[in-house]
Amino acid sequence: MNQNRDTTLRPINLSESAAVAELTTELGYPATTEAIASRLKRVLPHPEHCLFGAYDPHRLLAWMHLVIQYPIEAEPYAEVCGLVVSHRHRGQGIGRQLLETAKQWTQEKSLCKLRVRCQTRRRDAQRFYRENGFIADKTQTVFSLSL
C-alpha cells in the first residue's frame, strides 16, 4: 500500500471499530464502538465498498469510505462517503494520500468519475478538495424523513 514517512495506508478491518468510532465522532457524527462494528459488518463484505485507514505504527490516524454508486440517470461512479483525518495529524499529507488511493481504486473499478459531497459549513474541507483537483459541480439541499 501507499506509505508516507511513518504513515501506512491499508484496508480497515472490524477489530478497529473503536478507533473508527473515535474519528467518526471527531468528524461530528457521534458513534459508539458497537454501532461502528455493526456498520462495518454490513459494509466490509461488499466489493462496491472500500474502507481505507491511514496508520502510524501505533494507531489509526484517518479513514476514508468509498462506494460505487449506480444511478439510473448517469454512468456509475465512485463516491467518497466519508473522510476524516485526526485533528492532530491534519496538514501532513494524509488526506491527500487517501485521495490518491481513492483515485487508484476508482480506476481499478473501471470508473471514470470520483465524487465527494461536502457540507457548506466545512470551508476547510471544501478548500482541501479543490486543492486536490475536485470541482464543485452543483449545490443541493438534502431532505430527510425519519421513519
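Not measured: the values here are computed from a predicted model. No hydrogens, no waters, no symmetry mates; every other heavy atom, side chains included, goes into these values.
Once rounded to the nearest 0.5 Å, the distance linking CD of Gln92 with CG of Asp56 reads 9.5 Å. Between His65 atom NE2 and Ile12 atom CD1 the span is 9.5 Å, to the nearest 0.5 Å. A distance of 7.5 Å separates CZ in Phe52 from CG in Leu9, rounded to the nearest 0.5 Å. How far OH of Tyr29 is from CD1 of Ile36: 12.0 Å, rounded to the nearest 0.5 Å. Interatomic distance, Gln140 CD to Arg117 CZ, rounded to the nearest 0.5 Å: 5.0 Å. Interatomic distance, Ile68 CD1 to Lys109 NZ, rounded to the nearest 0.5 Å: 5.5 Å.
Note on ring orientation: taking the six-membered ring where Trp is involved, the planes of Phe134 and Tyr129 are perpendicular (angle over 60°, cut-offs 30° and 60°).
Contact detail for Arg122 and Leu27: the closest heavy-atom pair is NH2-O, 2.8 Å. Taking both residues in full, the closest heavy atoms of Val85 and Leu83 are given as CG2-CD2, 4.1 Å, listed atom of the first, atom of the second, then distance. Minimum heavy-atom separation, Tyr77 to Pro71: CE2-CG, 3.7 Å. Scanning both residues, Trp105 and Pro47, for their nearest heavy atoms gives CZ2-O, 3.9 Å. Here the closest non-hydrogen pair linking Ala54 and Thr7 is CB-CG2, 3.9 Å. Considering all non-hydrogen atoms of both residues, Leu40 and Ser17 come closest at CD1-OG, 3.6 Å.
A donor-acceptor pair shorter than 3.5 Å can be found between the side chains of Glu108 and Gln104.
When the shell of 6.0 Å around NZ of Lys103 is examined, it contains more than 12 heavy atoms from other residues, nucleotides or ligands. Taking a 6.0 Å sphere around CD of Glu22, one finds it holds 12 or fewer heavy atoms contributed by other residues, nucleotides or ligands.
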Discussion item. Walk me through whether Leu23 and Ser86 qualify under side chain to side chain contact (heavy atoms under 4.5 Å, CB included).
Written reply: CA-CA 6 Å; Leu23 286 173; Ser86 166; 3.7 Å; yes
Worksheet entry | Test side chain to side chain contact (heavy atoms under 4.5 Å, CB included) applied to Val80 and Val67, step by step | CA-CA 7 Å; Val80 177; Val67 66; over 6 Å; no
Discussion item. Please evaluate residues Ile135 and Arg130 with respect to the criterion side chain to side chain contact (heavy atoms under 4.5 Å, CB included), reporting the C-alpha separation (whole Å), side-chain torsions for both, the decisive distance (0.1 Å), and the verdict.
Written reply: CA-CA 6 Å; Ile135 58 169; Arg130 284 188 176 99; over 6 Å; no
Discussion item. For a side chain to side chain contact (heavy atoms under 4.5 Å, CB included) check, start with the C-alpha distance between Leu99 and Gln97, then their side-chain angles and the critical distance, and finish with the verdict.
Written reply: CA-CA 5 Å; Leu99 285 181; Gln97 275 186 282; over 6 Å; no
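The backbone N or O of Leu66 sits nowhere less than 3.5 Å from a side-chain atom of Glu79 that would complete a donor-acceptor pair. A donor-acceptor contact shorter than 3.5 Å links the side chain of Thr25 to the backbone of Ala31. One N or O on the side chain of Thr106 and one on the backbone of Ala102 form a donor-acceptor pair closer than 3.5 Å.
Between Glu16 and Arg10, at least one side-chain N (NZ, or NE/NH1/NH2) sits under 4.0 Å from a carboxylate O, which counts as a salt bridge. Residues Glu75 and Arg115 are not paired through a salt bridge, judged by the lack of any N-O separation under 4.0 Å between the basic side chain and the carboxylate.
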